[in-house]
Number of protein chains: 2
Amino acid sequence: MTSSVDTELPTDHFEPHVPGIDYGVLDSLLGYGVRRAQLLIYEDFVATLAPWSITPQRFSALTVISRNAQLKLTQLARILGIARSGAVLLVDALAAMGYVERVPSPEDRRAYGLVLTPKGIEDLKVITEAVCEHDRRIGARLAPEESREMMRLLRLVAGPRA
Amino acid sequence: MTSSVDTELPTDHFEPHVPGIDYGVLDSLLGYGVRRAQLLIYEDFVATLAPWSITPQRFSALTVISRNAQLKLTQLARILGIARSGAVLLVDALAAMGYVERVPSPEDRRAYGLVLTPKGIEDLKVITEAVCEHDRRIGARLAPEESREMMRLLRLVAGPRA
DNA sequence: TATTGTTATACTCTATAACTATA
DNA sequence: TATAGTTATAGAGTATAACAATA
């Protein structure tokens with residue numbers, strides 16, 4: 001098949017439906033449908049954003065930081081659904097990339113406000129463009145009306161719990 | 001299955017929408033909508049199946065093994081979208097749980113066929129019931145017609161190339 | 001006492017690559 | 001030569017727990 005060395009074909013080519021395989025109850029589960037979509041989308045996202053070393057989580061962090069002035073690390077962790085210790089490493093990585101800075105909070109000397117650097121602001125524009133193009137690509141099989149309906153249904157499933 | 005329907009999700013630490021936070025472009029991205037749903041669903045799945053130590057991946061493996069006679073490890077890896085080395089560890093775990101056995105393949109002495117043990121067959125029935133109840137719970141906010149539409153749209157996004 | 005950010009540590013999941021025994 | 005399963009090893013990503021500074 002390939003002439004390369006002993007290389008695996010890992011998640012680079014996830015096939016939601018392998019021909020000849022009986023998926024049983026999986027085919028009727030909403031959760032497995034979401035899982036299938038998520039794996040495909042994640043793969044395409046990472047491949048598309050590889051030039052910037054941006055993962056979905058990093059993009060989420062940059063976007064939320066850019067839209068919420070003086071966001072605290074603990075808030076970021078809560079938003080992303082990870083532990084504070086994980087948020088520290090994430091912010092460390094984004095800081096090492098020159099995208100994020102910790103600025104001392106005026107009203108709380110324990111805390112820092114997270115802000116984008118000028119480079120972070122600039123690059124996030126291009127990155128966001130790439131993400132939006134990726135998002136249009138994964139939704140390309142949906143008619144505009146179907147896209148809106150899918151977003152509505154997703155919000156119903158994962159929307160505010162209130 | 002005969003128990004009353006739980007419309008309330010267990011305590012989770014991921015909040016799809018943290019109050020007071022501006023999510024910017026994330027709110028309009030199909031990929032982030034799927035990500036939100038996936039995180040919520042994954043959490044509820046793991047919590048629900050904790051008594052059996054069953055993760056979504058383990059459940060997928062058990063189901064596919066049960067529905068496809070003499071499934072090979074390499075096929076399983078491809079179906080799940082992971083490397084063969086990962087499939088080895090996964091099957092090791094399922095074997096240690098007494099659910100799966102490797103039986104030598106008659107026509108290829110390098111290969112093994114994966115089969116469920118009697119205990120695996122028995123437990124998978126109960127596990128599948130629990131998974132289906134979990135799946136009904138996460139889709140509880142959708143009307144029956146909306147559920148079908150969501151499955152159709154998910155198949156459009158991640159379904160077979162058609 | 002509680003909270004913020006941090007560090008230390010460990011566990012899980014996954015990948016790459018090399019190895020064996022077959023084909 | 002190629003493939004099936006395995007092993008060894010490393011890298012993310014995450015969690016828990018403890019800590020110092022501050023509230």
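Chain naming here is simple, since letters A, B, ... match the order of the sequence lines and numbering starts at 1 in each.
Checked by atom type, the side-chain pair A:R58/A:S53 shows no donor-acceptor distance below 3.5 Å. For the residue pair B:D27 / B:Y32, no side-chain donor-acceptor distance below 3.5 Å is found, with atom types taken as modelled.
Checked for salt-bridge contact, A:R136 and A:E133 miss the test: no charged N lies under 4.0 Å from a carboxylate O. The existence of a salt bridge linking A:E149 and A:R152 is confirmed by a sub-4.0 Å separation between a basic side-chain nitrogen and an acidic carboxylate oxygen. Note on B:R141 versus B:E146: no salt bridge recorded, every NZ/NE/NH1/NH2 to OD/OE distance being 4.0 Å or above.
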- Note on the structure: B/S/- along nucleotides 11-23 of chain D (protein heavy atoms under 4.0 Å) is ---BBB----BBS
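With sequence neighbours excluded, no residue forms a ring-ring contact (aromatic ring centres under 6.0 Å, His included) with A:Y112.
When rounded to the nearest whole Å, the span between CG of B:L73 and C1' of D:dT6 equals 9 Å. Taking atom CG of B:D92 as the reference point, atom C1' of C:dT12 lies 15 Å away to the nearest angstrom. Computed from coordinates, the B:R102 CZ to D:dA4 C1' distance equals 12 Å when rounded to whole Å. In this structure, B:L94 places its CG atom 14 Å from C1' of C:dC13, rounding to the nearest Å. The nearest whole Å value for the distance from the NZ atom in B:K72 to the C1' atom in C:dT22 is 14 Å.
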- Message: Between B:T48 and B:R137, is the side chain to side chain donor-acceptor pair (under 3.5 Å) condition met? List the steps.
- Response: CA-CA 11 Å; B:T48 303; B:R137 192 185 314 130; 3.2 Å; yes
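In DNA chain C, consecutive stretches of 3 or more Watson-Crick or G-U wobble pairs with both distances under 3.5 Å are given as paired ranges: C:1-23 with D:1-23.
Partner of A:L29 under the side chain to side chain contact (heavy atoms under 4.5 Å, CB included) criterion, chosen from B:T128, B:I41, B:D135, B:T63: B:D135.
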